[in-house]
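Some notes on the structure that comes next.
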Number of protein chains: 2
Amino acid sequence: MAETRWLDEREMRAWSGFLAASALVNRRLDQQLKDDSGLSHPQYEILVRLSAAPDGELRMTELANGLINSKSGLTYQVTQLEKAGLVRRRSCPSDVRGVFAVLTDAGRARLERAAPGHVAMVREALIDVLTPAQLEALADGLGEVSRRLREHGG
Amino acid sequence: MAETRWLDEREMRAWSGFLAASALVNRRLDQQLKDDSGLSHPQYEILVRLSAAPDGELRMTELANGLINSKSGLTYQVTQLEKAGLVRRRSCPSDVRGVFAVLTDAGRARLERAAPGHVAMVREALIDVLTPAQLEALADGLGEVSRRLREHGG
DNA sequence: CAGGGATTGTTCAAATTCGAACCGCCAGCC
DNA sequence: GGCTGGCGGTTCGAATTTGAACAATCCCTG
């Protein structure tokens, strides 16, 4: 067992900043979305991914891999969205086990109404606070971080 | 109502990276801590803050401001830690309403045992993946982000 | 074509989270 | 002294999350 390499001052600042920002930004966004559009952040993310997919539909597993939560969590949220009429389930013709989540017209409309306020909050909380260089560093650095975590065990 | 300023490609990468990294790193850490020391990440954070405080004790409110979760969430976690004997409650002599959370010897020992593995995971998942320049950008940028979110509504 | 292992999505119980309501108490003000 | 406003922490119920167990199905190999 090697000696523990503790974090130096800069590493510590980066780590605390990451931790705090991650919690605070998420909290703020969730709040904004709920007040503004009655959607939770997880739900909004689901709608976004569906709307970006061809024909507005994706397999449950693909949706889950996109991230956010576990398989069971996804089942739950899609059920909620289905109750709200924003998403519909369609069974996959080529694989009986498979299920597509399909964005309904109401879902697309809801998303379009929610998006501007959401983007504004993302800017206010994160994007517009950073310098261009910091933006670049975040995009590259955190992109790499998530890529690694995704493959190594996801 | 101004036109919506959508995110350009770089901003989008930064935002997605932030979102994904935030979820994945947190998940991974929680897992590591639970497997390795039987502590959840929130619990670990509480122990860390207490151990850094004079006499290993803090008022509940100060602890909650440190962040992580709501007041009620903190009450819950402190209760859990108390059951596990890692933390003790002590009422504040000068203010009957006040409650101190105090780190016990067992709590300090548990934290010291958990720390090396935790730091190693923080390095593996985040710190050691970033270049020094990216580290600096994260520290400065996300530090500023959390500072703003904290004052503006926290 | 049968067998075995991997996949798909759901269900379940348990743990955790949040916000709102609440109680007791401090502090300033008349 | 007594009132009023607000703080500090807990309690409560509802919503959400997770991992493990499950049932059904697919696909590869022999």
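Protein chains get the first letters and strands the later ones, always in sequence-line order, with residue 1 at the start of each.
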Strictly below 4.0 Å, N to O, side chains only: are [X] and [Y] in salt-bridge contact?
{"X": "E9(B)", "Y": "R13(B)", "result": "yes"}
{"X": "E124(A)", "Y": "R148(B)", "result": "no"}
{"X": "R97(A)", "Y": "D95(A)", "result": "yes"}

d([atom1], [X]; [atom2], [N]) in whole Å:
{"X": "I46(A)", "N": "dG9(C)", "atom1": "CD1", "atom2": "P", "result": "13 Å"}
{"X": "N65(B)", "N": "dG9(D)", "atom1": "CG", "atom2": "C1'", "result": "13 Å"}
{"X": "Q31(B)", "N": "dT18(D)", "atom1": "CD", "atom2": "P", "result": "11 Å"}
{"X": "N26(B)", "N": "dT17(C)", "atom1": "CG", "atom2": "P", "result": "11 Å"}
{"X": "R90(B)", "N": "dG8(D)", "atom1": "CZ", "atom2": "C1'", "result": "16 Å"}
{"X": "R89(B)", "N": "dT11(D)", "atom1": "CZ", "atom2": "C1'", "result": "12 Å"}
{"X": "H41(B)", "N": "dT16(C)", "atom1": "NE2", "atom2": "P", "result": "15 Å"}
{"X": "F100(B)", "N": "dG8(D)", "atom1": "CZ", "atom2": "C1'", "result": "12 Å"}

D55(B) side chain vs E57(B) backbone, donor-acceptor pair below 3.5 Å =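 Pair absent, no side-chain N/O of D55(B) close to backbone of E57(B).
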Any donor-acceptor pair under 3.5 Å from R123(B) side chain to W6(A) backbone |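 Flag set: sc R123(B) to bb W6(A) pair under 3.5 Å.
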Between the side chains of T79(B) and R89(B), does any donor sit under 3.5 Å from an acceptor?
->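 Looking only at side-chain atoms, R89(B) and T79(B) do form a donor-acceptor pair, the distance falling under 3.5 Å.
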Could you write out each protein N or O paired with an N or O of nucleotides 6-8 of chain C at a distance under 3.5 Å?
from	atom 1	to	atom 2	distance (Å)
dT7(C)	O2	R97(A)	NH1	2.3

Distances under 3.5 Å between nitrogen or oxygen atoms of protein and nucleotides 13-17 of chain D:
from	atom 1	to	atom 2	distance (Å)
dT16(D)	OP2	Y76(A)	OH	2.6
dT17(D)	OP2	Q77(A)	NE2	2.7

Tell me, yes or no, whether the heavy-atom count around D35(A) atom CG, taken from other residues, nucleotides or ligands under 6.0 Å, exceeds 12.
->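 Buried by this count: over 12 neighbours within 6.0 Å.
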Pairing residues for R147(A) by the side-chain hydrogen bond (donor to acceptor under 3.5 Å, both in side chains) criterion, not counting sequence neighbours =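 In terms of side-chain hydrogen bond (donor to acceptor under 3.5 Å, both in side chains), with neighbours along the sequence ignored, R147(A) is linked to E144(A).
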First locate atom CG of N69(B), then atom CD1 of I46(B), and finally report the distance between them rounded to the nearest 0.5 Å.
->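 Rounded to the nearest 0.5 Å, the CG-CD1 separation comes to 6.5 Å.
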